[in-house]
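Read the structure below first, then the notes.
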There are 2 protein chains.
Amino acid sequence: MTKRITIANVAKEANVSMMTVSRAMNNKKGISQETRQKILEIAERIGYRPSGVARALATNRSSTIGLVIPDVANPFFSQITRGAEDLAYLSGYNVFLVNTDENIDREKAALNSLLEKQVDGAILCSSRLSCEDLNKYIEDFPYTVLINRDLDLLVENSATINVDDSFGTQQAISHLVALGHTKIGLFAGPEESTSSQRRMNGYLQGLENNNLPIEESLVVSSSPNTNGGYQATKDLLSKRNDVTAILAFNDLVAFGIYQACEELEYSIPDDISVIGFDDIPLAALMKPSLSTLRTDKRELGHQAMQTLITLINNDEDIAREQTIQPALILRDSG
Amino acid sequence: MTKRITIANVAKEANVSMMTVSRAMNNKKGISQETRQKILEIAERIGYRPSGVARALATNRSSTIGLVIPDVANPFFSQITRGAEDLAYLSGYNVFLVNTDENIDREKAALNSLLEKQVDGAILCSSRLSCEDLNKYIEDFPYTVLINRDLDLLVENSATINVDDSFGTQQAISHLVALGHTKIGLFAGPEESTSSQRRMNGYLQGLENNNLPIEESLVVSSSPNTNGGYQATKDLLSKRNDVTAILAFNDLVAFGIYQACEELEYSIPDDISVIGFDDIPLAALMKPSLSTLRTDKRELGHQAMQTLITLINNDEDIAREQTIQPALILRDSG
DNA sequence: CTACCATACGTTAGCGTTAACGTAAATCCT
DNA sequence: AGGATTTACGTTAACGCTAACGTATGGTAG
């Protein structure tokens, strides 16, 4: 490994001080056009690359952001990641991506490592940390944005962005009611999932809004996958053959509903309407095509990054608690 | 923002030199158990967090790795990312994730920013750079691992990992031949895609291995999506009604084949066998379930990271050109 | 003509850490 | 016993950059 070319090399070659080179490289004022040009040419010629590490040490800014998510392999988070990274790129930041696997210890380890790396800010997605721990970390990071996680006390250096699952679910119910449905089933997801809880709230609220009774037997919990939907359908329809519509926890669950309905010879949407959640690519390909609630995850990631960068730069006041609305995509299933 | 707690604070509090604190924090020898313990307690108590930036400057090692991919939102790359990050985490590295969108300028910008950030190594996925540019960057990075990209001259500080698409395709053909097929169609993907080229090679080689003639009209290019498969099927079957098997560029293309076959009233696999590529979750859910060639992308990412870290640590000799074999997953479609 | 100011630089002193070397005391070996 | 080695520290000097301040030069206003 040959020795690194430093700002001193450029300075000597150009017969100026390091400070002048620094000004030239960073487009700062207090330097004439000619010298700047000359320095930039020399830098280019001798292959000088500024050391981000040294700069970070000197300025106390790393131009680096931490993004903490449960699992990039999950399309939900990979899309958020994409939206966030795109804006980071445009704004001159690099992003550290960390997976937690919804494991608290791993999440803590991730946050600690980001703290050591001295990121300028962090975006935490679906954090599993206790409120106490979370608050401690928020204090330690310069700035933090939380996605899909509420916070009791919202401090100066943080903001939250949440998907309004409750509202989305209410929308879906209103749509189904408008179609004449009154016996609407809900396939709830894992109990510990906050989005599952929010959808449950939305479901109850939606029924109330439309003056429909709440019947416990219409709510079935299901694993968040195809098989979960299949099982839940068999389960529900064996008990309640008056059900005419089902809200699935997500599109895969909806696909499971399709499979069960085919077996049981229920027709979608004639006998049963189905509405999914997520709008995965498969949704449009299913037969009949699946109506579903889509949240723009890329936009979500973008908005989180935008918020974080605004906080960092302290440009302007920004909403501390933001919300993203899912959109009801109507297709053929209900 | 309160002032950062530094190693000096800990040193003063513990009545030792900074060097001793450094030794304690980094588990280095030349320090007694008692002092180490005492120092660690004090560090914990006053909330000392070592500055990774300062450490990187002093040691010339950032414990940071750059991962450059076309698009995290694409499941293929998000899984690679996951596999890579997992190992990075275990090995004490953080990874910078960058998307290029297959845009050469953005890729260069990404690499430049990683160079500035002084990553200890980089993993480049499906790089679109010219050989010349690529070689220049490989020279600039301490270490580089390329995924799905060949390199003419393989320098000391680099390695490549490629998916053996050709072999996978040959496997599929041998399987189809064993089933009695002789007229096997290929739906090739985008021409500029190297995996498409490799599969074409594998296709030709596979036919030759099995003493089958090469017929140009059996090869149709298709967009890498459902619609592409749909169109290509209609196209192919209108010209060649003797085709009894099709290799799809990927599983979505295969899904398009299914749709076209349903319309044309061809039965799968009775009239036509179909084999996909990728094994996306949908593959197992399709009717009939789709036989496909699966490459373990997580393993691919893991292996790339493993190789990079081995290069960095210079632990042991490592294969400079590695290959990952896709596995033929046999289901009901052929 | 002086006082003031802007412009274009240079100097100095860190940022927080560790490598490399120095040193004093304890331990060991023959 | 006396030199060699080991252990447990401390000192010094970087790593590469920039903030903050200093200085010289020329212009400008009154």
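In the text below, chain A, chain B and the rest are named by the order of the sequence lines, each starting its count at 1.
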R55(A), nearest nucleotide to its side chain (from dC17(D), dA20(D), dG10(D)): dC17(D)
What's the closest nucleotide to the side chain of K3(A) if the choices are dC17(D), dC15(D), dT18(C)? dC15(D)
Grab the [atom1]-[atom2] distance between [X] and [N] for me, whole Å please.
X: M19(A); N: dG14(C); atom1: CE; atom2: P; result: 16 Å
X: N60(A); N: dC17(D); atom1: CG; atom2: P; result: 17 Å
X: M18(A); N: dG14(C); atom1: CE; atom2: P; result: 15 Å
X: E116(B); N: dT18(D); atom1: CD; atom2: C1'; result: 14 Å
X: L57(A); N: dT18(C); atom1: CG; atom2: P; result: 12 Å
X: I39(B); N: dG10(D); atom1: CD1; atom2: P; result: 8 Å
X: R49(B); N: dT17(C); atom1: CZ; atom2: C1'; result: 17 Å
X: I7(A); N: dT18(D); atom1: CD1; atom2: C1'; result: 8 Å

Would you say [N] has OP1 or OP2 under 4.0 Å from some side-chain N or O of [X]?
X: S32(A); N: dC9(C); answer: yes
X: T20(B); N: dG10(D); answer: yes
X: T59(A); N: dT18(D); answer: no
X: K28(B); N: dA19(C); answer: yes
X: S17(A); N: dC9(C); answer: no
X: T35(B); N: dC9(D); answer: yes

NZ/NE/NH1/NH2 to OD/OE distance under 4.0 Å, E85(A) and R106(B):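 Salt bridge flag = yes for R106(B) with E85(A).
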Should the pair D133(A)-K136(A) be classified as a salt bridge under the 4.0 Å nitrogen-to-oxygen rule? yes
Could a donor-acceptor pair under 3.5 angstrom be found where the side chain of R23(B) meets the base of dG10(D)?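 Answer is yes: a donor-acceptor pair is held.
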Please determine, by modelled atom types, if S17(A) and T20(A) share a side-chain donor-acceptor pair under 3.5 angstrom.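 Their side chains do contain a donor-acceptor pair, which is all the 3.5 Å distance test asks for.
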Select from S22(A) and K29(B) the residue whose nearest nucleotide in DNA chain D is closer to the 5' end of that strand.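 Counting from the 5' end, the first nearest nucleotide belongs to K29(B).
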Pick the closest DNA chain D nucleotide for A54(B) and for I31(B) by heavy atoms, then say which residue is nearer the 5' end.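 Here I31(B) is the residue nearer the 5' end.
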Looking across every strand, which nucleic acid part, if any, lies under 4.0 Å from R4(B) by heavy atom: base, sugar-phosphate, or nothing?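 Sugar-phosphate, backbone atoms only, no base.
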Would you classify V16(B) as touching base, sugar-phosphate or nothing, given that sugar-phosphate means primed atoms plus P, OP1 and OP2, and contacts are heavy atoms under 4.0 Å?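 Sugar-phosphate contact only.
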Can you spot which of T307(A), L311(A), L151(A) makes a side-chain contact (heavy atoms from CB on, under 4.5 Å) with R320(A)? L311(A)
Calculate, to the nearest 0.5 Å, the distance between atoms CG and CZ belonging to L129(B) and R149(B) respectively. 7.0 Å
Rounded to the nearest 0.5 Å, what separates atom OH in Y143(A) from atom CD1 in I312(A)?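 One finds 7.5 Å between OH of Y143(A) and CD1 of I312(A).
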